[in-house]
Amino acid sequence: QVQLVESGGGLVQAGGSLRLSCAASGRTFSNGAVGWFRQAPGKEREFVVAIRWSSGTTYYADSVKGRFTISRDNAKNTVYLQMNSLKPEDTAVYYCAARDRPLTSLLAGYDYWGQGTQVTVSS
């Protein structure tokens, strides 16, 4: 059984920081990737950032580049999303996604999804 569990969401003032965690169980994704997506009310889900597990290669959406940092802990099979300089427009439910296929693009191909964690940034 594969399970992804996000945690770390909450309410923060604009300019503040949060760190999200995505703990994976059931399998490792050493040949694949783990990413973060978000969905605000009334909007479609959008890509935020992803990391290729084996190499550490990352790709960030322009909207978060320079503010968010993704990292991984192989021993814990966990991925983190450090979010700094948060803006109200970052408010969304953040989802962790993973795949075990070595696809070239980090933007798609995710097979497993977490339940999401709410991030709310007040102005």
Side-chain angles (χ1 to χ4, degrees):
Q1 183 180 5
V2 176
Q3 187 175 25
L4 302 176
V5 179
E6 303 99 329
S7 61
L11 175 64
V12 65
Q13 189 172 306
S17 299
L18 286 173
R19 190 179 78 156
L20 306 184
S21 298
C22 174
S25 62
R27 71 171 67 188
T28 62
F29 300 95
S30 59
N31 293 318
V34 178
W36 290 93
F37 295 76
R38 65 187 183 186
Q39 187 168 25
K43 295 185 177 181
E44 294 187 348
R45 183 184 64 200
E46 67 172 338
F47 173 84
V48 178
V49 62
I51 184 168
R52 186 169 287 112
W53 196 273
S54 60
S55 66
T57 300
T58 59
Y59 184 79
Y60 292 84
D62 288 340
S63 60
V64 305
K65 193 175 299 181
R67 300 188 297 120
F68 291 10
T69 303
I70 190 171
S71 61
R72 72 198 192 283
D73 187 324
N74 186 55
K76 297 180 179 179
N77 207 29
T78 298
V79 170
Y80 304 96
L81 180 63
Q82 179 67 45
M83 306 185 295
N84 298 325
S85 301
L86 283 163
K87 305 174 181 179
E89 50 263 45
D90 294 319
T91 296
V93 176
Y94 283 70
Y95 296 92
C96 177
R99 72 187 192 212
D100 55 12
R101 297 175 292 164
L103 302 178
T104 300
S105 176
L106 288 173
L107 296 175
Y110 296 94
D111 304 308
Y112 308 101
W113 295 81
Q115 83 289 346
T117 185
Q118 177 71 48
V119 172
T120 302
V121 184
S122 64
S123 60

Apart from Y110 itself, residues in the same hydrophobic cluster as defined by side-chain heavy atoms under 4.5 Å: F37, F47, Y59, V93, Y95, L106, L107, W113

Value rounded to 0.5 Å, distance of CD in Q118 from OG1 in T91: 7.5 Å

Partners passing salt bridge (Lys or Arg N to Asp or Glu O under 4.0 Å) against D100 (at least two apart in sequence or in another chain): R27

Test ring-ring contact (aromatic ring centres under 6.0 Å, His included) applied to F29 - qualifying residues, sequence neighbours left out: Y112

Side-chain cluster (under 4.5 Å, hydrophobic types only) that V5 belongs to, other residues: none

Side-chain donor or acceptor of Q39 paired with backbone N/O of A92 under 3.5 Å: no

Side-chain touch V119/R38, heavy atoms, less than 4.5 angstrom: no

Heavy-atom check, side chain of V49 versus side chain of K65, under 4.5 Å: no

Partners meeting side chain to side chain donor-acceptor pair (under 3.5 Å) with K43 (sequence neighbours left out): none

Any V34 side-chain heavy atom under 4.5 Å of C96 side chain: yes

Check: L103 main-chain N/O paired with R101 side-chain donor or acceptor under 3.5 Å: no

For S25 against N77, the heavy-atom pair lying closest together: N-ND2, 4.4 Å

Interatomic distance, C22 atom SG to D73 atom CG [nearest 0.5 angstrom]: 12.5 Å

Give the table of side-chain donor-acceptor pairs shorter than 3.5 Å for residues 79-88, with sequence neighbours excluded, one pair per line with atom names and distance.
residue: Q82; atom: NE2; partner: N84; partner atom: OD1; Å: 3.0
residue: N84; atom: OD1; partner: S17; partner atom: OG; Å: 2.8

CZ-CG distance between F68 and L20, expressed to the nearest 0.5 angstrom: 8.0 Å

Gap between atom CZ of R52 and atom OG of S30 - 0.5 Å precision: 13.0 Å

Spacing of OG1 belonging to T78 relative to CG belonging to L4, to within rounding of 0.5 Å: 10.0 Å

Heavy-atom closest pair, residues W36 and E6: CZ3-CG, 3.8 Å

